[in-house]
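For reference, the structure discussed in these notes is given below.
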There are 2 protein chains.
Amino acid sequence: MRIGELARASGTTTKTLRYYEAVALLPAPERTAGGYRDYDPKTVARLDFIRRSQAAGLTLAQIREVLQVRDAGTAPCHHVHDLLDRRVHELDRQIADLHALRLTVAELRDSATEADPESCNPSTVCRYL
Amino acid sequence: MRIGELARASGTTTKTLRYYEAVALLPAPERTAGGYRDYDPKTVARLDFIRRSQAAGLTLAQIREVLQVRDAGTAPCHHVHDLLDRRVHELDRQIADLHALRLTVAELRDSATEADPESCNPSTVCRYL
DNA sequence: GTGGACCTTCCCCCACACTGGAAGGTCAAG
DNA sequence: CTTGACCTTCCAGTGTGGGGGAAGGTCCAC
């Protein structure tokens with residue numbers, strides 16, 4: 001498979017594929033006599049894995065970690081479990097932070113709604129922030 | 001006020017103050033005979049405003065927008081209200097997205113917990129992602 | 001044999017909010 | 001007169017996930 005074919009099959013771009021190779025998410029593929037990259041069709045599955053992991057909010061660095069464990073021949077289940085577990089806790093924290101921020105911002109907005117616009121003095125710092 | 005003094009008074013750094021000037025969050029201050037920046041002490045209040053706005057999750061570009069409206073002599077109340085209102089809706093969407101993601105990731109993690117590690121075949125793409 | 005689609009490497013570019021460091025100028029104290 | 005704290009400008013880099021485009025090579029059909 002040439003790079004454009006793989007890009008179409010996996011729903012990405014040739015730019016991204018070369019980038020993934022550069023950051024070690026994809027192994028360097030074989031080359032044809034003319035120097036073209038020649039991919040194993042299995043690479044599509046690897047790219048699906050990467051896409052799903054990204055959708056789960058993992059960074060490319062974390063995905064690379066998982067793939068390296070697997071490429072070394074070890075089943076990455078425990079590693080993946082730990083990674084996902086940490087990710088769940090991270091999400092819980094992010095959600096709590098956003099809830100707190102939402103409360104603050106809504107309060108600020110409501111105080112701006114109630115105020116008399118005439119009491120807004122342009123020469124001072126806005127009273128609502 | 002010289003730049004270091006302002007930095008200490010506002011809890012930031014001289015680097016950041018020069019950066020804010022470069023991106024038009026702060027007006028260019030007067031200069032002393034020796035070429036040093038000489039700030040109006042009111043600048044502390046402006047920096048507090050910037051800090052509070054950042055804490056509300058506004059970007060520097062949005063903060064600059066508000067400050068430019070105010071610097072033009074118009075009270076920015078309505079503008080600020082609209083900005084905060086949009087921000088609240090943005091936060092609601094972000095929170096909903098994270099909730100959905102949290103559900104997905106927790107499900108993936110739990111399926112990894114229940115599985116028999118022996119069923120993990122390193123030669124295939126990990127079944128948990 | 002030539003046109004066009006595809007490929008190669010290379011280097012620079014985006015947002016975001018700064019941060020680091022080099023090379024040199026200013027100012028007050030001792 | 002010198003030391004050291006402070007200041008100046010300018011250039012470049014951080015991390016994330018790629019995108020743009022130049023200059024040139026390859027391959028296949030017509």
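In what follows, chains carry the letters A, B, and so on, assigned in the order in which the sequence lines appear, proteins first and then strands, with residues in each chain numbered from 1.
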Give the minimum heavy-atom separation between Ile3(B) and Leu17(B), together with the two atoms involved. O-CD1, 3.5 Å
For the side chain of [X] and the backbone of [Y], is there at least one donor-acceptor N/O pair under 3.5 Å apart?
X: Gln62(A); Y: Thr59(A); answer: yes
X: Arg64(B); Y: Ala24(B); answer: no
X: Asp38(A); Y: Met1(A); answer: yes
X: Arg109(B); Y: Arg86(A); answer: no

Between Arg31(B) and Arg8(B), which has a closest nucleotide on DNA chain D that is more 5'?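 First, find each residue's nearest nucleotide; the 5'-ward one identifies Arg8(B).
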If you assign each of Gly4(B) and Thr59(A) to its closest nucleotide in DNA chain D, which residue comes earlier from the 5' end?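 Looking at DNA chain D, the more 5' nearest nucleotide goes with Gly4(B).
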At under 4.0 Å, does any side-chain N or O of Arg18(B) touch on OP1 or OP2 of dT9(D)?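 Arg18(B) to dT9(D) OP1/OP2: no side-chain N or O under 4.0 Å.
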At less than 4.0 Å, is any side-chain N or O atom of Gln54(B) found next to OP1 or OP2 of dC16(C)? Yes or no.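 Indeed not, no polar side-chain atom of Gln54(B) lies that close.
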Take the C1' atoms of the five end pairs on each side of the helix from dG1(C)-dC30(D) to dG30(C)-dC1(D), get both axes, and report the angle to 10 degrees.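 Its terminal axes enclose an angle near 40°.
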If the sugar-phosphate is the primed atoms plus P, OP1 and OP2 and the base is the rest, what is the B/S/- string for nucleotides 19-30 of chain D, using protein heavy atoms under 4.0 Å? SBB---BBS---
Could you state the atom-to-atom distance from CD1 of Ile3(B) to C1' of dC7(D) in whole Å?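 Roughly 9 Å, once rounded to whole Å.
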Do Leu60(A) and Ile63(A) come within less than 4.5 Å of each other through their side chains, counting heavy atoms only? yes
